[in-house]
Structure formats: structure tokens, C-alpha cells
Number of protein chains: 2
Amino acid sequence: MNIIISNSSNVPIYEQIKEQIKSKIISNELKVGEMLPSIRSLAKDLRISVITTKNAYEQLEKEGYVETIPAKGTYVANKNVEIIREEQLQKVEQLIDTVVNIARVSNISKDEIKSMLDILYEEE
Amino acid sequence: MNIIISNSSNVPIYEQIKEQIKSKIISNELKVGEMLPSIRSLAKDLRISVITTKNAYEQLEKEGYVETIPAKGTYVANKNVEIIREEQLQKVEQLIDTVVNIARVSNISKDEIKSMLDILYEEE
DNA sequence: TTATTGTGTATATACAGTATATACAGTTTT
DNA sequence: AAAACTGTATATACTGTATATACACAATAA
């Protein structure tokens, strides 16, 4: 499944999993209707408890990205594409807002940030 | 002291305090040598426990922003300005990196982000 | 000097979030 | 029918965050 978790991170494991799967759904690497790895196999893969993978899947279900059928599996849900994009735009806006606030108190110019953006956009 | 905390936030109270005081130090609203409010008065102000304000001050001390003298008070330390700026630049860079990663999977263009930046920079 | 008030400190405690192992229940495949 | 797969529920432990309360030192007022 190609998920990488860090135990030393302050971000909970279930959230790391959630975010990475969400990215795969949004980028269409995981397609609508496709089955996710079972909580057991994923747990075994990542060497963590099934409860943690279950927790991650539960969160994804709450946000509408997947659907779980007991004893069958968890599948990518048919979530509205426009809503997803809107959510992502809002997340980005929130981050940019934080950036701007830091920049203000630290006298970091808009140009400095734009060149950061240019550089990071080029990479890879 | 003009600090605003939110109990409903998922960010710990002590960290909210820490960040806001840090901002005041960086923007020079709190000047080197100046005494911070006592943990007691701040706790009373914000209607929280002294342990929480103490925790916030301890974190600030660890990061070198303040110095605490037992039974006397906590004072703004003489931290190197260049180091502070470097830290803030790194924080911004990390945020922009997150933004770029989200933008990639969601097909959000660099121009969209730049105009967000323009808009948020203008405000206030 | 002595008492009071103002500092930060330490201890014991509670609660919530995160994580675990293990036992349970339904579905599919053999 | 048995075996192998799904997700579920329960009991438990650890850590982070927050609390109240008692303690110790410094500065100030009587």
C-alpha cells in the first residue's frame, strides 16, 4: 500500500495513515469503488495494531472518503469532486494565512515567500 | 497582556500562549529585559491553572526567548535576532512545502496560491 | 525586624487521546 | 462444513494536558 509512518512524529499514526490515503484518493491513485487493504493486512504491513488502522478508516469514513461494510471491507466512496477541491482550497488558504501572519511579525516580504513557492514548486 | 485562548481548539492552551508571546517578542511589542506577567496573574486573567502558564513559560525558556528567575519573575531574554529570523523562515518554508504538496495532489495552480497570498497580504 | 504579598516550584491527581492485545461475529472461499 | 478472510467490541495501558493545593524564596510595608 506504500504508506510511510513515523513513530517519532507528534502526529498520531492513525492521522498519518488517514492523510496519506486521502491524498491517494484525491490524486486518483485509489479509484472510486476500489477496496482498501484490510485493516488487518495494513496493520501487519505497518507493524501496528488493527485498532489504529481501524481508527484511521473510521475517520476517513466520517469525512466521506470511504465506505465500510462489516465483514467485507472498506471501499473508496463516490465523494463529490468539487467538494473535495473546495476542502483542499480551504486547507491551503488556512496555511497561507498562517504564513502571512508569521511573515508580518518577522518582516518577511511577500517576494521572499513567492520565491520559496517557485523553488518548491519546481522540485521533483 | 492581551492574549486570546480557545478551549475548543485542538492546540494545547500552553502552546497557544507560547506562540502568542513569542510573536510579541519577535515583533518587539515585548522588549528585551521586560518582565512578563507573572504566571499567577496571567493564569487569573485567562482563568486557567498556574501550571498551564508555567508550562508555557518553560517552553519559551527552553527555546531561549525568556529567562526565569525563581521568586522574581520571567523576563524577555536577549536572543540573537538573526537566529530568530532564521527560525521563522524555516517555519514558513515548512508551511509552504505542505501547501505545495496539497496543491500537487489537488491540481491547484501556483497562480491560485499566489493570488491567495496577494489577497491575504493586503488585508488589515 | 516581622508580617504580608508577590514571585516561581513541586506534588498528587484527573481526564482525554492514542495505542495495544485479544476475543468476537459475519462473509467468502475451499 | 471448515478454513480463511473481513470488520467489531472490550478491557487495558501509557502519555500529554490540565487542575488544585501546598511549598519556598524575594521584595515590600508596617
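Residue numbers start from 1 in every chain, and the chains themselves are labelled A, B, ... in the order their sequence lines are given, proteins ahead of strands.
- Spacing between atom OH of A:Y57 and atom C1' of D:dT6 amounts to 12 Å, rounded to whole angstrom units.
- Looking only at side-chain heavy atoms (C-beta outward), B:I39 and B:Y57 come within less than 4.5 Å of each other.
- Proximity note for A:A71 (side chain, C-beta onward) versus D:dT6, C:dG8, D:dA26: the nearest is D:dT6.
- A salt bridge is absent between A:K22 and A:E61; no separation between the charged side-chain nitrogens and carboxylate oxygens falls under 4.0 Å.
- With a 6.0 Å radius and a threshold of 12 heavy atoms from other residues, nucleotides or ligands, A:E67 has its CD atom at or below the threshold.
- The separation between A:N55 atom CG and D:dT8 atom C1' is 13 Å, rounded to whole Å.
- Atoms NZ (A:K54) and C1' (C:dA25) sit 13 Å apart, rounded to a whole Å.
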How does DNA chain D read in dot-bracket, base by base from 5' to 3', with Watson-Crick or G-U pairs under 3.5 Å and | used when the partner is on another strand? ||||||||||||||||||||||||||||||
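- Atom CG of A:D111 is separated from atom CG of B:L117 by 9.5 Å, given to the nearest 0.5 angstrom.
- For A:E58 and A:K54, the salt-bridge test passes: some basic side-chain N is under 4.0 Å from an acidic carboxylate O.
- Looking only at atom types and distance, the side chain of B:S49 has no donor-acceptor partner in the side chain of B:T52 under 3.5 Å away.
- Shown for residues 33-51 of chain B: residues whose heavy atoms fall under 4.0 angstrom of DNA chain D, namely B:R40, B:I48, B:S49, B:V50, B:I51.
- Rounded to whole Å, the distance from CD on A:E15 to P on D:dG16 is 17 Å.
- Taking the charged nitrogens against the carboxylate oxygens, B:K114 and A:D118 do have a contact shorter than 4.0 Å, which makes a salt bridge.
- Taking 4.0 Å as the cut-off between side-chain N and carboxylate O, B:E122 and A:R104 do not count as a salt-bridged pair.
- Among residues at least two apart or in separate chains, salt bridge (charged side-chain N to carboxylate O under 4.0 Å, His left out) pairs with a member in residues 69-87 of chain A are A:K79-A:E87, A:R85-B:E112.
- B:I69 has its CD1 atom 10 Å from the P atom of C:dG8, to the nearest Å.
- Between B:Y14 atom OH and C:dA16 atom P there is a gap of 18 Å when expressed in whole angstrom units.
- Residue A:K72 places at least one side-chain N or O closer than 4.0 Å to OP1 or OP2 of C:dT28.
- In this structure, A:E61 places its CD atom 11 Å from C1' of D:dG7, rounding to the nearest Å.
- In this structure, the CG atom of A:N10 is 16 Å from the C1' atom of C:dA19, given to the nearest Å.
- A sub-4.0 Å separation between OP1 or OP2 of D:dT17 and a side-chain N or O of B:T52 is absent.
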